[in-house]
Amino acid sequence: GESVGLHLPTLSVQEGDNSIINCAYSNSASDYFIWYKQESGKGPQFIIDIRSNMDKRQGQRVTVLLNKTVKHLSLQIAATQPGDSAVYFCAENGGTASKLTFGTGTRLQVTL
Amino acid sequence: GAGVSQSPRYKVAKRGQDVALRCDPISGHVSLFWYQQALGQGPEFLTYFQNEAQLDKSGLPSDRFFAERPEGSVSTLKIQRTQQEDSAVYLCASSPGQYSTNEKLFFGSGTQLSVL
């Protein structure tokens with residue numbers, strides 16, 4: 001299949017370490033944000049979401065932080081595993097009910 | 001199947017040919033989206049359906065692009081007179097409700113279109 005993200009920013013972490021992936025969003029009207037994971041040859045897979053009335057939300061091994069003041073979003077992955085290797089995209093809704101705007105993506109490489 | 005299904009998985013077209021890409025959303029999902037993903041970039045919105053109604057087509061790049069969902073389930077994205085810049089992965093996504101960007105989208109694996 002095709003390779004996603006040939007020239008993306010890359011974050012390399014050792015297995016077992018924590019990963020932090022950052023995203024700056026642009027639209028102050030956005031009130032809903034999502035992180036997606038995309039493996040090569042596959043479509044984006046939902047990881048976690050957060051609404052603008054929250055600053056932090058936790059899932060299984062993942063935490064999303066939202067700083068509306070500086071329009072910044074981060075994804076924290078605890079105890080990173082080889083299966084976490086993928087391209088990660090943040091997305092915002094721009095206050096609309098019909099479209100998500102995706103960021104450029106970050107490639108996460110997990111080394112053994 | 002349980003997920004969003006897209007076909008064909010790969011499509012090679014000569015410049016000027018018409019192509020049709022199919023999406024089978026998750027059964028019962030009200031909302032359906034098409035996105036275009038160029039190599040090395042994030043998906044970009046093309047169009048959105050709520051049941052059979054196309055409520056937003058602001059992302060379609062030109063009038064060569066046309067999408068339909070006549071019975072509110074299966075959708076087809078048609079590209080007429082394909083050009084090289086149309087080469088990309090075309091992703092379909094669906095979600096259960098009407099207020100779709102306030103809930104997560106389920107994506108298919110996409111159709112990789114190569115225009116020669």
Side-chain angles (χ1 to χ4, degrees), chain A residues 1-10 21 23-27 29-54 57 59 62 64 73 75 86-107, chain B residues 3-6 8-12 23 25-26 30-50 53-60 67 87-114:
Chain A
E2 76 286 359
S3 175
V4 174
L6 291 179
H7 303 291
L8 293 172
T10 299
I21 301 172
C23 174
Y25 66 93
S26 57
N27 194 332
S30 291
D31 56 10
Y32 181 61
F33 306 86
I34 313 178
W35 281 99
Y36 281 94
K37 171 187 179 182
Q38 189 172 28
E39 297 172 286
S40 185
K42 297 184 179 179
Q45 177 187 359
F46 172 89
I47 302 174
I48 192 168
D49 58 2
I50 189 168
R51 302 186 191 284
S52 59
N53 61 351
M54 302 172 68
R57 190 168 188 216
V62 294
V64 55
L73 200 64
L75 176 70
V87 177
Y88 289 80
F89 293 99
C90 65
E92 58 180 305
N93 73 343
T96 71
S98 62
K99 66 179 72 170
L100 290 175
T101 300
F102 283 77
T104 54
T106 297
R107 178 187 299 280
Chain B
V4 177
S5 178
Q6 293 188 244
R9 185 69 181 88
Y10 301 95
K11 178 68 180 177
V12 178
C23 173
I26 295 172
V30 170
S31 297
L32 184 144
F33 304 80
W34 285 99
Y35 282 78
Q36 180 190 59
Q37 186 173 26
L39 190 63
Q41 298 183 19
E44 293 193 358
F45 172 84
L46 294 177
T47 187
Y48 160 58
F49 290 85
Q50 187 180 109
Q54 189 175 20
L55 299 186
D56 188 339
K57 54 182 181 180
S58 61
L60 296 177
S87 296
V89 174
Y90 291 85
L91 295 164
C92 178
S94 69
S95 67
Q98 295 181 345
Y99 302 104
S100 43
T101 60
N102 288 315
E103 59 186 9
K104 61 184 179 182
L105 303 186
F106 295 84
F107 281 86
S109 294
T111 294
Q112 184 176 351
L113 173 65
S114 299

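Numbered from 1 within each chain, the chains take letters A, B, ... in sequence-line order.
B:Thr47 contributes atom OG1, which lies 9.5 Å from atom NZ of A:Lys99 (distance to the nearest 0.5 angstrom). Here the CZ atom belonging to A:Phe102 is positioned 5.5 Å from the OH atom belonging to B:Tyr35, to the nearest 0.5 angstrom. Of the inter-residue distances, the one linking B:Tyr48 atom OH with A:Thr96 atom OG1 reads 9.5 Å to the nearest 0.5 angstrom.
B:Leu91 touches chain A through its side chain: at least one heavy atom from C-beta onward sits under 4.5 Å away, while N, CA, C and O do not.
Scanning all heavy atoms of the two residues, the minimum distance from A:Lys42 to B:Arg9 falls at N-NH2, 4.4 Å. In terms of heavy-atom proximity, B:Gln41 sits nearest to A:Phe89 at O-CZ, 3.8 Å. Residues B:Lys104 and A:Phe46 come closest through the heavy atom pair CB-CD1, 3.2 Å.
Residues passing the ring pair (Phe, Tyr, Trp, His ring centres under 6.0 Å) test with A:Phe33, sequence neighbours excluded: A:Tyr25. Remark: B:Phe106 engages B:His29 in a ring pair (Phe, Tyr, Trp, His ring centres under 6.0 Å) (not counting sequence neighbours).
The environment of B:Gln54 atom CD is dense: over 12 non-hydrogen atoms of other residues, nucleotides or ligands sit within 6.0 angstrom.
The candidate with the highest count of non-hydrogen atom pairs below 4.5 Å against chain A, out of B:Gly110, B:Pro43, B:Gly42, is B:Pro43.
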